[in-house]
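Contents: one structure, followed by commentary.
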Number of protein chains: 2
Amino acid sequence: MTNNYELYKVFYWAAKTGSLTQAAKALYLTQPSVSHAIKQLEERIGVTLFYRNSKGVSLTQEGKILFSYIEQSQILITLAEEKMVALKNLDSGELRIGGSDSLFKHYLLPFLEDFHVKYPGIKLHLNHGTTPEVISYLKEGRIDLGVVRMPIFDSQLEVTESIELQDCFVAGERYAELKGQALSMEQLMEYPVILFSRNSRVRMAITELFEKYGHELKPDIEVGSVDLLIEFAKRGLGISYVTREFVAKELKEGSLFEIELDVEIPPSKVGLMVMRNMPISAAATRFIEVVH
Amino acid sequence: MTNNYELYKVFYWAAKTGSLTQAAKALYLTQPSVSHAIKQLEERIGVTLFYRNSKGVSLTQEGKILFSYIEQSQILITLAEEKMVALKNLDSGELRIGGSDSLFKHYLLPFLEDFHVKYPGIKLHLNHGTTPEVISYLKEGRIDLGVVRMPIFDSQLEVTESIELQDCFVAGERYAELKGQALSMEQLMEYPVILFSRNSRVRMAITELFEKYGHELKPDIEVGSVDLLIEFAKRGLGISYVTREFVAKELKEGSLFEIELDVEIPPSKVGLMVMRNMPISAAATRFIEVVH
DNA sequence: TGTTAGTCATAGATATGGTCTATATCTCCT
DNA sequence: AGGAGATATAGACCATATCTATGACTAACA
């Protein structure tokens, strides 16, 4: 049986209101249209569904049975449509973001707070991982949006640049002697260096910069979180390579100071990645606007 | 939002098969039709539902949410359609018959048995009552079919005549002296008469017959069931007025004998009543055919 | 690296059939 | 009897669902 489901909508309203005329009003149709639709439905399924009275219509035994199914079905469709409106209006839905812990904590946090206050119906899912992991999450469809350090070269991704961050070397009081100087790379490498683990974008960038000048930068200590980089530097275990904006507090209070180099370290940008040629959810679209 | 529900059917199949081409086959449409339908649905609800890949389509986050509702909805419609087919094929449904106990027992029983064996999916509901009760059950829609004695004069009812029954007076051995005679009404009224309760059609018929000849027939005993009529007569409590066909066994075995009158008692027919101008269920239609 | 075979998307022509207006029929109520 | 409701019917119309033909893209493979 290959019925036009539109007929069930008419049936539902006719049964619900007990009147073809009322159903027509509810559906913005004319009474003859409804009459015709009901007749057609009855013919197609081969069962009489309504008694036609002088004051309206009422369901036959079979009509009641049909209605018990169709009513549920129509309610579900109505709920579905309401849900879709909610999703579009950002009253509902979820936003899955991938990125590094440090970017979440030091960069995204205020945006996430604002967004959550403004759209409390949207569930936030934060998935941390390295840049390649975040990219693969994106490609697998496990996240809607990736937040990583630039540059990103991947033709499947659409990247929009966000703020610029400046990385730098910092140390604690133990190395106070280095304050105010501009060190050369060789000089710096005399000291114990603390770097983020190998697979990070920041680590790759500084390693490449040293290589460009013919040096191989090998850390004495390798850690897996920005917090540890900061903590180790503060305690005098060595010189940490960190993002300046992420240690703003420590620099201001003096527990860390910046060590200047005689070469310029290029700034790096934060990139917001989504899949190219893939539709983006309303929530993700709005969040990118907010961040940007 | 006033959507064409037909679009949800297309959406369902596209999501289910993960391919617009496959959905088109399932729906006996062409691929461009499906493509167009999906696009239209997306535009109307303002949400992108599918990722278009080179090997088919897959649901977006929002699409998955919509699908969770629509899937249930479509399943219900499918169940409804199957149920309607079952009703039409008499694999399912119910048949509600109103009538007197005696007609059920002595007249309808074999038909009911046959019908039940042939259509075991149809539930039978037997509602006993007097003729006016049965008629009001019909008008209230509580039964599909009424089985009563003719004649029935009610313009709202459509009556088809069934078999002819012959009522008669019977007595037991105690009144053996009356065997073989043809009594006059006066003679009969000398004996104790046992009649069915006042509101029955049979009682009215015999009362009217006596009135027509200027007699008032008043029973000495009035009972509420045909079984009691028979039992009382057998035990010699009086002369019962019963339907000959219902005491066939007793007449044959000799526990009762018929008392002939010198006037002819007109036979009465059984009528099958349904509401005029009201659709009749498939089950009721079939049952009437079987009985007739 | 071109070829092929599978996706889905688009454009434009077509015709189905849903919808309308006008009117009839019926029932109930005054 | 007449009016005010209800649904049913007939026929015209046009919106739009659907089709054909084609394009664009991707993946797999020779």
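Chain identifiers are assigned alphabetically (A, B, ...) following the order of the sequence lines, protein sequences preceding nucleic acid strands; residue numbering begins at 1 within each chain.
The pair A/E42-A/R52 meets the salt-bridge criterion, since a charged nitrogen lies less than 4.0 angstrom from a carboxylate oxygen.
Enclosure of atom NZ in A/K25 is not indicated, since only 12 or fewer non-hydrogen atoms of other residues, nucleotides or ligands lie within 6.0 angstrom. Counted within 6.0 Å of NE2 on B/H116, heavy atoms from surrounding residues, nucleotides or ligands total 12 or fewer; the atom is thus considered open.
Heavy-atom contacts of chain A under 4.0 Å fall on DNA chain D between two terminal nucleotides, which in 5' to 3' order are D/dA6 to D/dT9.
Panel note: side chain B/T60, backbone B/T48; a donor-acceptor pair is recorded below 3.5 Å. Within the 3.5 Å criterion, the main-chain N or O of B/Y5 finds a donor-acceptor partner in the side chain of A/E6.
Because its NZ or CZ atom is not both nearer than 6.0 Å to the ring centre of A/F196 and within 45° of the ring axis, A/R203 does not count as a cation-pi partner of that residue.
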Quiz item: Which nucleotides of nucleotides 15-30 of chain C have their base under 4.0 Å from a protein heavy atom (B), which only their sugar-phosphate (S), and which neither (-), written as one string 5' to 3'?
Solution: ---SBBBB----SS--

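The shortest side-chain heavy-atom distance between A/D144 and A/E94 does not fall under the 4.5 Å cut-off.
Relative ring orientation between A/Y107 and A/F111 is described as perpendicular, the plane-to-plane angle rising above 60° on a 0-90° scale split at 30° and 60°. Ring orientation note: the planes of B/F67 and B/Y12 are close to parallel, at an angle under 30° on the 30°/60° scale.
Defined by atom type and a distance below 3.5 Å, a donor-acceptor pair is present between the side-chain atoms of B/Y8 and A/E81.
In this structure, the CD atom of B/E43 is 12 Å from the P atom of C/dA9, given to the nearest Å.
For DNA chain D, the stems formed by at least three consecutive Watson-Crick or G-U pairs, with both atom-pair distances below 3.5 Å, span C:1-30 with D:1-30.
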